[in-house]
Amino acid sequence: MTRGPRLLVPTGLLVATLGVSTLTVQAVGALEGTSGRPVTAEGLDAPSWVSVEAAGLDQEPISPEGLTPQGTIDPEPGDAIWHVGSDRVVPGQVGTAVIAGHVVYDDEPDVFYDLPEVTEGDIVTIGYGNGETREFVITQTQQMSKEGLQRAPAVWGNQKDVARIALITCDDSLGFRSDGHSRANFVAIAEAYAG
C-alpha cells in the first residue's frame, strides 16, 4: 500500500502535518505542559458519528484512535477518527477535540474530500451511542501551512472555556512540496452551538 506524507510531533511541541494521500502523525513528544494522558469515552457515552451537511457528511462514523506502535495517528482509508492523545478531549467536552480524516487516499476521494467546502456558520453535529446529539457552529476556517498548523492555538492550545472541535485534513490547493507532501492543510474550528 502506498503511503503519503505524515504529521510530525517534535519533543515538547505537537506538530500536525496532514498529507494529501494519507494522514499520519509521528509522535516524538507530548504537547508542552501536558501529561500526554489519553482521554476516553466508552459505551453509550462515546461519540459515534459526525454530520456536516456542507461537507457531504451524514452520520459518518467516528471512532477513538490513539497512536500506532510506530507512534503515529494513521486512520484507515474511509475512516474519520477523534484523537485520544495530546490532552485533546472527547468531542463535546469543554476543551478542544481533534477529528481527522483523509481528503484522498491512493488517489481516490476519501471521507473528508469535501471538508474544504465548509464556511463559517455551517453546522457540525456529533451523535453519541446513547442517541443524544450535540451541535457546533463553524466559527473559522483556515488554510494553514504545515508550520502554522504545528503551533495553531485554536487546535493545540489548552483552552478551557468552550467545547470546541478542530476538523483537520490536507489541502492540495497550493500544490506539493518536493517530498510529495501537500504544502497546506485545511482546518475548520467549530464551537458548541448556544442557540
Side-chain angles (χ1 to χ4, degrees), residues 7 14 16 18 23 25 31 34 36-67 73-103 105 109-144 149 152-171 185-195:
L7 291 174
L14 185 58
L18 306 179
L23 167 67
V25 179
L31 193 64
T34 68
R37 63 175 168 69
V39 296
T40 60
E42 298 177 354
L44 297 179
D45 293 329
S48 59
W49 55 262
V50 59
S51 288
V52 187
E53 184 177 345
L57 296 174
D58 183 18
Q59 296 190 14
E60 183 68 38
I62 57 173
S63 58
E65 188 169 297
L67 301 175
I73 294 173
D74 191 9
E76 292 295 319
D79 287 351
I81 61 99
W82 56 274
H83 179 47
V84 297
S86 309
D87 278 351
R88 300 305 81 193
V89 299
V90 175
Q93 292 180 345
V94 171
T96 303
V98 170
I99 297 178
H102 303 289
V103 168
Y105 198 97
D110 210 299
V111 64
F112 277 3
Y113 185 75
D114 289 323
L115 185 64
E117 302 301 314
V118 302
T119 59
E120 290 180 25
D122 288 336
I123 300 297
V124 176
T125 305
I126 301 293
Y128 299 85
N130 60 14
E132 293 182 9
T133 61
R134 182 110 190 246
E135 289 190 337
F136 300 78
V137 63
I138 293 179
T139 58
Q140 60 179 298
T141 63
Q142 190 172 358
Q143 179 187 67
M144 294 184 182
L149 181 57
V155 177
W156 307 115
N158 190 21
Q159 67 87 21
K160 297 179 180 177
D161 300 322
V162 66
R164 176 187 292 157
I165 295 173
L167 299 161
I168 304 175
T169 196
C170 44
D171 184 333
N185 296 345
F186 179 82
V187 178
I189 302 296
E191 295 189 352
Y193 185 64

### Query
Is the backbone N or O of Val187 less than 3.5 Å from a side-chain atom of Gln142, with the two atoms forming a donor-acceptor pair by type?
no
### Query
Quick check: does any side chain N or O of Asn185 sit under 3.5 Å from a backbone N or O of Met144, one acting as donor and the other as acceptor?
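Absent.
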Throw together a table of side-chain donor-acceptor distances under 3.5 angstrom for residues 49-60, partners on residues two or more places apart or in other chains.
unit_1: Ser51; atom_1: OG; unit_2: Gln59; atom_2: N; d: 2.6

Specify the closest pair of heavy atoms between [X] and [Y], including all atoms of both residues, with the distance to one decimal.
X	Y	answer
Ala163	Gly92	CB-O, 3.6 Å
Phe186	Asp171	N-CB, 3.8 Å
Val84	Pro64	CG1-CB, 3.4 Å
Ala192	Arg134	CB-NH2, 3.4 Å

### Task
Check the pair Val155 / Ile189 against side chain to side chain contact (heavy atoms under 4.5 Å, CB included), numbers first and verdict last.
CA-CA 8 Å; Val155 177; Ile189 302 296; 4.2 Å; yes
### side chain to side chain contact (heavy atoms under 4.5 Å, CB included) partner of Glu191, chosen from Ile165, Asp161, Val162, Thr96
Val162
Result block: side-chain N/O donor-acceptor pairs under 3.5 angstrom for residues 116-125, not counting sequence neighbours:
unit_1: Thr119; atom_1: OG1; unit_2: Asp122; atom_2: OD2; d: 3.4
unit_1: Asp122; atom_1: OD2; unit_2: Thr119; atom_2: N; d: 2.8

Is [Y] close to [X] at the side-chain level, that is, under 4.5 Å between some pair of heavy atoms?
X	Y	value
Phe112	Leu167	yes
Glu65	His83	no
Pro77	Asp110	yes

### Message
Please evaluate residues Val137 and Thr139 with respect to the criterion side chain to side chain contact (heavy atoms under 4.5 Å, CB included), reporting the C-alpha separation (whole Å), side-chain torsions for both, the decisive distance (0.1 Å), and the verdict.
### Response
CA-CA 6 Å; Val137 63; Thr139 58; 4.3 Å; yes
### Message
Quick one, Ile126 with Ile99, criterion side chain to side chain contact (heavy atoms under 4.5 Å, CB included). Give me CA distance, side-chain angles, the key distance, then yes/no.
### Response
CA-CA 11 Å; Ile126 301 293; Ile99 297 178; 3.9 Å; yes
#### Entry: Point-to-point distance, once rounded to the nearest 0.5 Å, from NE2 of His102 to CD of Glu76
7.5 Å
### Message
Checking Trp82 against Val90 for the side chain to side chain contact (heavy atoms under 4.5 Å, CB included) test, could you report, in this order, the C-alpha distance in whole Å, the side-chain angles of both residues, the deciding distance, and whether it holds?
### Response
CA-CA 8 Å; Trp82 56 274; Val90 175; 3.7 Å; yes
